[in-house]
Trainee: 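Handing you a structure now.
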Amino acid sequence: MTEMTLSIIKPDAVKRSITGKINAIFEDNKLKVVAQRMILMSKHDAEKFYKVHSERAFFSDLCEYMTSGPVIVQVLQGQNAVIKNRELMGATNPENAEEGTIRKKYGISVEENSVHGSDSLENAKIEISFFFSNKDILSY
């Protein structure tokens, strides 16, 4: 089934100018970028976006990191896009990620792991609507 999912290329990857390499991995695996923009996330937006983690010990550090520099927010579209993107990203901790995954190739640490991706179709819809309106998304 054709789906859409949210992807965020995190500050560490933007700073290292590897966004094109990450996008090439998506495209080589039949995930089309149908919306994309560079933003500087505000503290308020980071706290709202990551609200699900608000009770976790890492919440404050996560929000600080995600506001530390520009990020690329994007919508990926393709067959089983949510699962495919999760597979391409790899485990949260780059040390535990499989060879060839984005986080294994480019991740620095659990926090600076280069990418975020929606974890379910339901959350993908919520996360996409956080950053994009329907008119922002191209359809193929």
Side-chain angles (χ1 to χ4, degrees):
M1 167 169 54
T2 299
E3 299 172 348
M4 287 189 280
T5 190
L6 184 83
S7 170
I8 301 176
I9 301 178
K10 294 182 175 182
D12 66 281
V14 174
K15 184 177 180 180
R16 291 180 286 143
S17 298
I18 58 173
T19 59
K21 292 176 182 180
I22 292 170
N23 278 342
I25 292 170
F26 296 142
E27 292 170 349
D28 289 346
N29 286 276
K30 298 183 176 26
L31 288 177
K32 293 179 185 175
V33 178
V34 295
Q36 179 173 261
R37 72 169 58 106
M38 181 181 283
I39 64 168
L40 187 55
M41 201 180 295
S42 70
K43 182 178 181 190
H44 175 265
D45 282 347
E47 289 172 346
K48 189 174 174 184
F49 184 78
Y50 288 107
K51 183 180 176 183
V52 67
H53 299 303
S54 63
E55 300 300 317
R56 312 281 295 271
F58 62 81
F59 178 72
S60 180
D61 289 341
L62 173 63
C63 292
E64 186 175 321
Y65 164 64
M66 290 301 290
T67 61
S68 69
V71 298
I72 305 288
V73 292
Q74 55 192 182
V75 179
L76 305 177
Q77 181 182 52
Q79 292 294 315
N80 301 307
V82 173
I83 292 170
K84 184 175 281 189
N85 185 38
R86 304 287 301 168
E87 291 170 353
L88 293 172
M89 288 190 311
T92 302
N93 184 342
E95 290 181 17
N96 300 334
E98 289 186 35
E99 289 298 327
T101 62
I102 294 168
R103 289 174 172 159
K104 186 67 164 187
K105 289 174 100 169
Y106 301 117
I108 297 169
S109 66
V110 172
E111 183 174 78
E112 294 182 310
N113 62 12
S114 301
V115 287
H116 163 89
S118 303
D119 63 2
S120 69
L121 192 53
E122 180 182 337
N123 283 340
K125 291 175 184 173
I126 293 166
E127 291 181 353
I128 289 168
S129 69
F130 190 87
F131 294 107
F132 296 96
S133 70
N134 285 339
K135 66 182 172 95
D136 295 325
I137 301 170
L138 304 172
S139 58
Y140 287 90

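Starting from 1, each residue takes its place in the sequence as its number.
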Trainee: For the residue pair Ile9 and Asn23, establish whether any side-chain heavy-atom pair is separated by less than 4.5 Å.
Mentor: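 A side-chain contact under 4.5 Å exists here.
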Trainee: For residues 48-69, which residue pairs qualify under side-chain hydrogen bond (donor to acceptor under 3.5 Å, both in side chains), counting only residues two or more places apart or in two chains?
Mentor: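 Residue pairs passing side-chain hydrogen bond (donor to acceptor under 3.5 Å, both in side chains), neighbours aside: Asp12-Tyr65.
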Trainee: Would a hydrophobic clustering, with Ile, Leu, Val, Met, Phe, Trp and Tyr connected at side-chain separations under 4.5 Å, put Phe59 with Val110?
Mentor: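 No: no chain of side-chain contacts under 4.5 Å links Phe59 to Val110.
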Trainee: Linking I/L/V/M/F/W/Y whenever their side-chain heavy atoms sit closer than 4.5 Å, directly or via other members, would Val82 and Val33 fall into one cluster?
Mentor: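 No; Val33 is not reachable from Val82 via cluster members.
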Trainee: Mind running side chain to side chain donor-acceptor pair (under 3.5 Å) on Glu87 and Asn29 for me, showing each step along the way?
Mentor: CA-CA 11 Å; Glu87 291 170 353; Asn29 286 276; over 6 Å; no
Trainee: Please report the shortest heavy-atom distance between Ala13 and Ile22, naming the atom on each side.
Mentor: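 Scanning both residues, the minimum pair turns out to be CB-CD1, 3.9 Å.
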Trainee: Please name the pair of heavy atoms, one in Gln36 and one in Phe132, separated by the smallest distance, quoted to 0.1 Å.
Mentor: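 So the two residues come closest at N-CE2, 4.0 Å.
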Trainee: Would a single hydrophobic cluster contain both Met38 and Val115, if residues Ile, Leu, Val, Met, Phe, Trp and Tyr are joined by side-chain heavy-atom contacts under 4.5 Å?
Mentor: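 Yes, one cluster joins them.
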Trainee: Would you mind telling me which of Met66, Glu127, Met89 makes a side chain to side chain contact (heavy atoms under 4.5 Å, CB included) with His116?
Mentor: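 When side chain to side chain contact (heavy atoms under 4.5 Å, CB included) is applied between His116 and each of Met66, Glu127, Met89, only Glu127 qualifies.
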Trainee: Any pair with a residue in residues 88-107 that passes side-chain hydrogen bond (donor to acceptor under 3.5 Å, both in side chains), sequence neighbours left out, goes on the list, sorted by first then second residue, please.
Mentor: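 Non-adjacent pairs meeting side-chain hydrogen bond (donor to acceptor under 3.5 Å, both in side chains): zero.
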Trainee: Could you see if Leu40 belongs to whatever hydrophobic cluster contains Val14? Use Ile, Leu, Val, Met, Phe, Trp, Tyr and a side-chain cutoff under 4.5 Å.
Mentor: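 Leu40 and Val14: separate clusters.
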Trainee: Is there a side-chain contact between Gln77 and Ile137 in this structure, where contact means two heavy atoms from C-beta onward sitting under 4.5 Å apart?
Mentor: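 A side-chain contact under 4.5 Å is absent here.
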Trainee: Write down the atom of Val71, the atom of Pro11, and the distance for their closest heavy-atom approach.
Mentor: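 So the two residues come closest at CG1-CD, 3.4 Å.
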Trainee: Go through the steps to decide whether Thr5 and Arg86 satisfy the test side chain to side chain donor-acceptor pair (under 3.5 Å), and finish with yes or no.
Mentor: CA-CA 10 Å; Thr5 190; Arg86 304 287 301 168; over 6 Å; no
Trainee: Under 4.5 Å between side-chain heavy atoms, counting indirect links through other Ile/Leu/Val/Met/Phe/Trp/Tyr residues: same cluster for Phe58 and Phe49 or not?
Mentor: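 Looking at the clustering, Phe49 is in the same group as Phe58.
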Trainee: Any side-chain to backbone donor/acceptor pair from Arg37 onto Phe131? Under 3.5 Å, distance only.
Mentor: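 Yes, because the side chain of Arg37 sits within donor-acceptor range (under 3.5 Å) of the backbone of Phe131.
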Trainee: Hey, are the side chains of Asp136 and Val75 touching, using non-hydrogen atoms and a 4.5 Å cut-off?
Mentor: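 No, every pair of side-chain atoms sits at 4.5 Å or beyond.
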Trainee: What is the distance from atom NZ of Lys125 to atom CG of Asn123, rounded to the nearest 0.5 Å?
Mentor: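 So the gap between those two atoms works out to 11.0 Å.
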Trainee: Taking side-chain contact (heavy atoms from CB on, under 4.5 Å) as the test, write out the residues that go with Asp45, two or more places apart.
Mentor: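 Listed in chain order: Met41, Ser42, Phe130.
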Trainee: Would you compute the distance between atom CG of Asn80 and atom CG of Leu121 and round it to the nearest 0.5 angstrom?
Mentor: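 Reported to 0.5 Å precision, the distance equals 9.5 Å.
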Trainee: Please round to the nearest 0.5 Å and tell me the distance separating atom CD of Gln74 and atom CG of Asn85.
Mentor: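 CG of Asn85 is found 8.5 Å from CD of Gln74.
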Trainee: So which heavy atom on Ala124 is nearest to which on Ser118, and how close?
Mentor: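 Taking every non-hydrogen atom into account, CA-OG, 3.3 Å.
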Trainee: Of all heavy-atom pairs between Leu76 and Ala81, which one has the smallest distance, and what is that distance?
Mentor: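 For Leu76 and Ala81, the tightest heavy-atom pair comes out as O-CB, 4.1 Å.
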Trainee: Tell me whether Ile83 at atom CD1 has more than 12 heavy atoms from other residues, nucleotides or ligands lying less than 6.0 Å away.
Mentor: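 Open: at most 12 neighbouring heavy atoms sit under 6.0 Å from CD1 of Ile83.
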Trainee: State the CG-OG distance between Leu88 and Ser7, to the nearest 0.5 angstrom.
Mentor: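 Leu88 atom CG to Ser7 atom OG measures 10.0 Å (nearest 0.5 Å).
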